[in-house]
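Comments concern the structure below.
Chain A is the first sequence line, chain B the second, and so forth, proteins listed ahead of strands; every chain is numbered from 1.
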Amino acid sequence: MELSARYDPSKIEEKWYAYWLEHKFFHSEPDGREPYTIVIPPPNVTGILHMGHVLNNTLNDVLIRKARMDGKNACWVPGTDHASIATESKVVAKLKAQGISKEDLTREEFLKYAWEWKEEHGGIILQQLRKLGASCDWDRTRFTMEPALSEAVINTFVYFYKKGWIYRGVRMVNWDPEGHTAVSDDEVIHKDTHSHFYHLRYYISDGQGHPTDQYLVIATTRPETIMADAAICVNPADERYHWLRGKHVLIPLINKEIPVIEDSYVEMDFGTGCLKVTPAHDAHDYEIGMRHNLPILDIIDDRGRLNENATILVGEDRFVARKKIVKMLEEAGNLEKVEDYTSPVGYSERTNAVIEPRLSAQWFLKMEDLAREALASVEEGRVKFIPDKYRNTYRHWMENVRDWCISRQLWWGQRIPAWYLPDGSFVVEATAEEALKAAQAKQPGLTMADLRQDEDVLDTWFSSWLWPVSVFDPQMPGHPDHKPNRDLSYYYPTNDLVTGPDILFFWVARMIMAGNEYMHAEPFRNVYFTGIVRDKLGRKMSKTLGNSPDPLVLIEKYGADAVRLGMLLCSSAGNDILYDEAQVEQGRNFCGKIWNAYRLVAGFQVDPALPQRESDATAVRWFRNKLSQAIATVEDHYAKFRISDALMTLYKLFWDDFCSWYLELIKPAYGASIDPETVRCTLGFFEDLLKLIHPVMPFITEELWQAIQPRKEGETIMFAATPAAGEYDTSVIDAFELAKETVMGIRSVRKQKNLPPKDTLEVKVKGGFPADMIPVVAKLANAGPVSLVEDFGDATGVSFMVGTVECFAVLGGLVNVEEELAKLEAALAYQRQFLENVRKKLSNENFTAHAPEKVVAMERKKEADSLSKIESYENQIKLLKNNE
RNA sequence: GGGCGCAUAGCUCAGUCGGUUCAGAGCAUCUGCCUUACAAGCAGAGGGUCGGCGGUUCGAAUCCGUCUGCGCCCACCA
């Protein structure tokens, strides 16, 4: 096989992905093996791949590929989410650009456009994931709004309704006037916003609807809502306002009479101590209104405009109305003063519109029981969070959970299966036919034409929370006709979930609830939380900042393996990722390193008659042990989800141990041949390394695994078994470590003395140095002869310590005696001080009495080693002085 | 305002039970090398009062208190 001097990922990646697909290596069917299952966090169907997806899906792919090589039946289910608000607003925007307004369309017409949009843009992201190397079981691709999964949602709604946990109620909801829908509390983002605090005079009524000359002052940020005021409220303990008891005041401009009431909700020292109560447009005011039986007057429509109830400024947008009414109030003499004011204002997460608290009829799901169970799942350890700190956040939320508003005033989504009868009552059934039957049971003689289905759709999360169940069994086990499902019983519960902490409550918590409810088992065992991908300055990636690279461009430039490695290098669980293209470069460089190492190995000239050199036998023995040790470390890291640590261990194993030490050691001289045994072992190591790296860098490892020895069609590294961590002898590793340090010491001497690497250098080492490492040192430090001696005799040169072993580089006249003496004296002084410290510790009876034996023994060893070093230094100094 | 968490080298982070010759890694930096696998590389080197203060302990990066500075979540006083 011809190997180009430089690794070119583009063709290789395309080739192997096609090969994997062709052979259906990603596809899983239930069998006798242990399953390992991941369901993808479904991206928005119309979304495109961004760096967050790259991080998440790389982690997923590493886990799934690792499990596959560990012999498990690995199944990664991909799919997309219909994302009702996000998608609907995109469709609305697109239609608007074409001059079509959503209001002019029927529901059916709009949905036709939406489905067209979905067909056109939907699933692009899944194509993009293929470029990344994601080994999803594409045959199992799901969409949360496909007919089967919609049925799952509808069945779930009916299930919970019949259980009595879904109810319809009028509540103060967060209204998004731009999206024309209610959004949940979690979809509201509070931002500090500059506004004004308007102090308004409300004149006391004379009882006939006419103002007296007495007035009170209220402070409000929302003067446009005064027409909806139902009362003025003061704290009963506030003596300043006792004179107002029983009085009525007139709303400015419209002269409507409203009572003064008392409620301890009002803070005496905030504002003026007088609160205008506007039950229809403020959640707290609503509560006060309920307590005091105040009438509710809604003056804002679903677009945020004042309606007829306002009597003035009808049809004006709320913010326009605010400006206008301030002027009107000023002219009427009701505006006492205006203060600058900054307060938190709720914004819609999707549309960024200012949320309007609004009363409306919505559907709710009771959360109390679900939350209690789901909390126990995590508290009792059946679901593990990585990192663990999110347990606290989770607990806090689960203990303060409120009922879930599941209805949305949209069209794109699963329509609520409730049908209203002419008398205003309703029935809930999975289909219109069943609904009609149920309706007829209540009221004989009704026809379909008498029924009207609820206009709202369900919150998207009401479908995503079923994902780990519904992708395998869309009927859902709660259905009365449910039959056992082979896929569900095999793959559920899934194993690991990789997701961002931002959807801990939206999604993770609710999946646990649904899993507990339907399966009596949590949907996954481990939840690995990634951080947010930020740029290297720590800023969130955003379109407006333009700091978000296009992953596809990166993949094209550096290769998918490089991008994957670049993302994982700095990603410890739960930490934000500061993305820097330099990391992807590092990934590319690593690919180059692997590629070139292979070029070296593949180019070996084997001479079958050649016996194995001693240094090569040593190298093989060492690397075999080193490899086993590293595998054990990597396995441990994986078991603890320390993915970037596992990766770094492999990175150093390959680059430092394998390339810089092992290959340099066995590499024959230019033009020379190598013995067959060493080559055999080296290829074995290389293959093991490729297998270990494969989950992280699937493409280059497949390419080289296929090249390293002939493979049959249909063979793949994807199913090669993860190399097992064998026994390893640390004494072998330690001995080689000593040799490495010696080599580094000699190289350092060379560098200091400016000795060309080509010139050999005579080296003497003293007793205690492992004899089998002598050839290793000779080869790697280009030293020779290297001799094991009792003392250094009268040679001139430079000595250095490796642990407690003395080494000596013979330099002849190159030695600067004074310089060396100074160095040795300094080292000696340091060592004496060190010894003194150790002895001080050892003579402390408190220490020897309290510290564990092991620790004390360690100190005694330090003492002995230190003594031996001191002796060495003293000898070396003596020697140097004699030679002077 | 309530809760949770973080602070270790220029950057990003490890540091598992309080104890190894423990202060580490990768990247970046500096120096020297185009040495026949790799300059996207090789070899060598420098770099930290473990945020401040106090305490517990024979012993603290590690435990406790406190201060400072950051981050996240929840709530929202009109």
Side-chain angles (χ1 to χ4, degrees), chain A residues 3 5-7 185-186 190 197 218-222 233 265-267 269-272 274-278 282-285 288 343-346 387 389-397 400 501-502 504-505 532 536 538 558 562 569-572 574-578 580 582-583 585-586 588-603 636 640 642 644-645 647-649 651-652 659-660 663-664 667 669-671 744 747-752 754 756-758 782 803-804 834 838 841 844-852 854-859 861-862 865-866 869:
Chain A
L3 285 173
R6 197 159 277 196
Y7 175 62
D185 290 343
D186 316 289
H190 292 273
F197 219 9
I218 60 98
T220 181
T221 54
R222 302 204 56 193
C233 189
Y265 167 79
V266 178
E267 300 281 335
D269 51 5
F270 187 83
T272 61
C274 291
L275 171 71
K276 75 183 199 66
V277 183
T278 318
D282 182 279
H284 289 290
D285 290 10
I288 297 172
S343 63
V345 172
K389 64 178 176 183
Y390 287 110
R391 272 175 54 173
N392 291 326
T393 320
Y394 182 80
R395 185 188 317 114
H396 187 255
W397 193 76
N400 297 288
D502 49 332
L504 173 58
F505 310 127
I532 295 165
K536 59 181 166 183
Y558 296 102
L569 270 175
C570 59
S571 65
S572 48
N575 284 344
D576 283 359
I577 313 257
L578 268 58
D580 185 345
Q583 290 151 206
E585 282 175 28
Q586 198 182 341
R588 174 201 55 190
N589 296 352
F590 191 44
C591 287
K593 191 70 185 176
I594 297 172
W595 186 255
N596 281 304
Y598 182 74
R599 286 178 62 220
L600 172 70
V601 171
D636 184 51
K640 291 170 181 157
R642 301 162 70 125
S644 58
D645 286 341
L647 175 56
M648 188 47 65
T649 306
Y651 180 88
K652 287 192 281 189
C659 293
S660 298
L663 288 181
E664 288 301 328
K667 186 162 81 176
Y670 179 62
M744 289 191 279
R747 285 173 181 165
S748 185
V749 169
R750 261 188 211 284
K751 173 90 173 172
Q752 283 160 30
N754 264 322
K758 278 179 180 164
N782 191 25
T804 56
F834 182 80
V838 172
K841 204 169 191 180
N844 180 346
E845 276 176 33
N846 267 328
F847 172 69
T848 46
H850 289 98
K854 209 177 91 188
V855 175
V856 177
M858 201 70 71
E859 290 301 312
K861 171 111 172 45
K862 278 193 212 172
D865 287 353
S866 184
K869 283 183 191 176

What's [X] touching, base or sugar-phosphate or nothing? Going by heavy atoms closer than 4.0 Å.
X        : result
A/Glu267 : base
A/Val266 : base
A/Pro852 : base
A/Ala582 : nothing
A/Lys640 : base
A/Leu275 : base

Please state the [atom1] separation for the pair [N] and [M] - nearest whole angstrom.
N     : M     : atom1 : answer
B/G47 : B/A28 : C1'   : 11 Å
B/G3  : B/G65 : P     : 14 Å
B/A43 : B/C4  : P     : 49 Å
B/C6  : B/U66 : P     : 16 Å
B/G32 : B/C70 : P     : 42 Å
B/U16 : B/U49 : C1'   : 26 Å
B/A45 : B/G26 : P     : 13 Å
B/U57 : B/G51 : P     : 23 Å

Rounded off to whole Å, could you give me the [atom1]-to-[atom2] distance for the [X] and [N] pair?
X        : N     : atom1 : atom2 : result
A/His850 : B/G18 : NE2   : P     : 17 Å
A/Met858 : B/G19 : CE    : P     : 12 Å
A/Glu585 : B/G26 : CD    : P     : 18 Å
A/Asp645 : B/G26 : CG    : C1'   : 11 Å

- Task: Give the ring-plane orientation class for A/Tyr7 versus A/Trp595, where under 30° counts as parallel, over 60° as perpendicular and anything between as tilted.
- Result: tilted

- Message: In terms of relative ring orientation, are A/Phe505 and A/Trp397 parallel, tilted or perpendicular, with 30° and 60° separating the classes?
- Response: parallel

Who does [N] pair with, Watson-Crick or G-U, both distances under 3.5 Å?
N     : result
B/C63 : B/G55
B/G24 : B/C13
B/C4  : B/G71
B/U31 : B/A43
B/C50 : none

- Note on the structure: Counting primed atoms, P, OP1 and OP2 as sugar-phosphate and everything else as base, the B/S/- map of nucleotides 36-47 of chain B against protein heavy atoms under 4.0 Å is BBB-BSSBSS--

- Is A/Lys640 paired with A/Asp636 through a side-chain N to carboxylate O contact shorter than 4.0 Å? yes

- What heavy-atom pair brings A/Leu569 and A/Met648 nearest, and what distance separates the two atoms? CD2-CE, 3.5 Å

- All heavy atoms of A/Thr272 vs all of A/Ala219, minimum pair found to be OG1-N, 4.0 Å

- Task: Side chain of A/Leu578 only, please: which of B/G26, B/C73, B/U12 is the nearest?
- Result: B/U12

- Message: Could you measure the distance from the CG atom of A/Leu578 to the CD atom of A/Gln583? Nearest 0.5 Å is fine.
- Response: 8.0 Å

- Message: For A/Met744, is there any backbone N or O sitting under 3.5 Å from a side-chain donor or acceptor partner on A/Ser748?
- Response: no

Distances under 3.5 Å between nitrogen or oxygen atoms of protein and nucleotides 4-10 of chain B:
from, atom 1, to, atom 2, distance (Å)
B/C4, O3', A/Asn392, ND2, 3.0

